[in-house]
Amino acid sequence: MADVPHELSAQIGDGGEDATGDDVPLDPGEPQFDLVEPGRVSRREVQPDTIKRRAMGKMRAVQVAQGGGALELVEREMPEPTQDEVRVRVEACGVCHSDSLTVEGQWPGLSFPRIPGHEIAGIIDAVGTGVVGWSAGQRVGVGWFGGHCGRCEPCRRGWLIDCRNLRIPGISYDGGYADAMVAPADALAAMPDQLSAVDAAPLLCAGVTTFNALRHSGAMPGDVVAVLGIGGLGHLGVQFANKLGFCTVAIARGSDKEALSRNLGAHHFIDSATEDVAARLNRLGGARAVLATVTSAKAMTPVIEGLAVRGRLIVVGVDAEPIEVSPLQLIGASRSVVGHAAGASIDSQDTLGFSALSGVRPMIETMPLSRAPEAYARMMRAEARFRMVLTMAEQH
């Protein structure tokens, strides 16, 4: 398993919303996609072809043969776990914007062919030597955090997500667009029985990114907390903010997002296309924290004046452009602008546990593994409401 450069590994596993935080509405003339609302599960029997394939030591996988190449369905040998590894029989795998780093060959040092996917939910079915605390039959998830080196300074200080040699499924080693995958045991998160695999998968990237940022925001129950962008990350951020006891404000472009935002748990809604975002936040007393899920620095800049004294703008949406902020804006009210990476495997486990307890669920569309190219293209066009999830069922 090759080490990866931290310049990219430090970025958030999920790419954030689109540039505005908005998503393209679903075309009602597209019935081929199964929309699964929070809490709904579609269960299917294991197909005979799957049983035959497993008996032959084979599996299906969707791989990229070279950077910029097509996603292709192939048959591969079933991988075997080695020292400190387990094999996970994949039940569901989310399709994340960061999968494009693999598909487009944008990650330095990538080796091909490579199987993408870092939102993996499944069951351990084989355990390598030296593994302690995990056994066959356990339900587990593997997210953006795919293992740490244990020897760099961040690791020695316990900052595992900041590991200088962070491993990432689908980048450092083959990911979850397959019937099975092998992962280091330190990448595993226990998955509660109350969560279906399709619901758990997006929580292992988009979920942990938003939940972990909010719970470490410094905000207390009752404080005003805003979520900028109501899309793949933001729709989860609003739910988490509400369940954590914050006075939750949703900020999005266009009044068409208001009904959804309030249904998700927002107490207030701000239309950034028609309202002065900072002025509105200040009328609410100022935001103790703003979770910026959009991938537009330009959209983040206006909220800074809406931060309360010692308020924090927490950036989880990735953009190469600069956020414009003056020293006076920061010093005058002791404000701060911080980035927040997703989280280590224990943070993913906490996210799954909190979601099971509180009822937070992603809104997803599912497709079978064989339609992975279609699911990936739909995600890249920002047409999913709100997360695409691949299932390993052969019929769908």
Side-chain angles (χ1 to χ4, degrees), residues 6-17 19 21 98 143-145 152-155 157-164 166 205-221 223-229 231-234 236-238 240-241 244 246-251 277-278 281-282 285-344 346-348 350-351:
H6 186 266
E7 287 76 9
L8 285 175
S9 69
Q11 294 181 12
I12 307 307
D14 193 287
E17 320 303 2
S98 292
W144 177 259
F145 177 89
C152 68
E153 182 176 350
C155 281
R157 294 188 181 278
W159 305 333
L160 304 188
I161 189 60
D162 298 312
C163 173
R164 302 292 95 177
L166 185 69
C205 185
V208 65
T209 295
T210 50
F211 173 72
N212 209 30
L214 287 169
R215 69 170 175 169
H216 293 301
S217 66
M220 300 292 287
D223 285 346
V224 174
V225 171
V227 178
L228 176 62
L233 275 76
L236 287 167
V238 169
F240 284 129
L244 287 166
F246 303 141
C247 176
T248 304
V249 182
I251 306 172
V277 174
L281 288 173
N282 284 319
R288 182 65 56 197
V290 175
L291 181 67
T293 68
V294 294
T295 57
S296 167
K298 185 178 180 180
M300 299 177 195
T301 296
V303 307
I304 294 172
E305 282 292 330
L307 293 172
V309 172
R310 298 190 179 273
R312 307 177 81 194
L313 172 62
I314 306 168
V315 180
V316 297
V318 178
D319 187 8
E321 297 301 314
I323 299 170
E324 295 183 11
V325 57
S326 71
L328 182 61
Q329 286 177 301
L330 300 179
I331 296 171
S334 298
R335 299 180 177 117
S336 59
V337 179
V338 299
H340 200 285
I346 192 63
D347 299 307
S348 292
D350 289 347
T351 302

(request) Please lay out, stage by stage, how Met300 and Val290 fare under the test side-chain contact (heavy atoms from CB on, under 4.5 Å). (result) CA-CA 9 Å; Met300 299 177 195; Val290 175; over 6 Å; no

How long is the straight-line distance from [atom2] of [Y] back to [atom1] of [X], given to the nearest 0.5 Å?
X	Y	atom1	atom2	answer
Leu313	Thr301	CG	OG1	8.5 Å
Leu214	Phe240	CG	CZ	8.5 Å
Leu291	Leu233	CG	CG	7.5 Å

State whether the side chain of [X] and the backbone N or O of [Y] hold a donor-acceptor pair below 3.5 Å, judged by distance alone.
X	Y	answer
Thr209	Ala206	no
Arg164	Asp162	yes
Arg288	Val309	yes

(message) According to side chain to side chain contact (heavy atoms under 4.5 Å, CB included), who are the partners of Pro302, at least two apart in sequence or on a separate chain?
(response) none

Residue pair [X] / [Y]: nearest heavy atoms and the distance that separates them:
X	Y	value
Cys163	Pro154	N-CB, 4.3 Å
Ala241	Thr248	C-OG1, 3.4 Å
Ala219	Val225	CB-CG2, 3.6 Å
Asn212	Arg215	OD1-NE, 2.9 Å
Ala299	Val294	CB-CG2, 4.1 Å

(request) I would like to know whether Val208 and Trp144 meet side-chain contact (heavy atoms from CB on, under 4.5 Å); could you show each step before the answer? (result) CA-CA 9 Å; Val208 65; Trp144 177 259; over 6 Å; no

(request) Measure the shortest side-chain to side-chain distance between Ile161 and Asp347 over non-hydrogen atoms and say whether it is less than 4.5 angstrom. (result) no

(message) Apply side-chain contact (heavy atoms from CB on, under 4.5 Å) to residues Ser348 and Phe145 and explain how you reach the verdict.
(response) CA-CA 9 Å; Ser348 292; Phe145 177 89; 5.8 Å; no

(message) Go through it in stages, so that I can follow the logic: the residues are Leu236 and Phe211, the test is side-chain contact (heavy atoms from CB on, under 4.5 Å), and I'd like the CA-CA distance, side-chain angles, deciding distance and then a yes or no.
(response) CA-CA 8 Å; Leu236 287 167; Phe211 173 72; over 6 Å; no

Going by atom type alone, with no hydrogens or angles, which donor-acceptor pairs under 3.5 Å involve a side-chain atom of residues 314-332 and a protein atom two or more places apart or on another chain?
| unit_1 | atom_1 | unit_2 | atom_2 | d |
| --- | --- | --- | --- | --- |
| Asp319 | OD1 | Glu321 | N | 3.3 |
| Asp319 | OD2 | Ala297 | N | 2.8 |
| Ser326 | OG | Gln329 | N | 3.1 |
| Gln329 | OE1 | Ser326 | N | 2.9 |
| Gln329 | NE2 | Glu305 | OE2 | 3.0 |

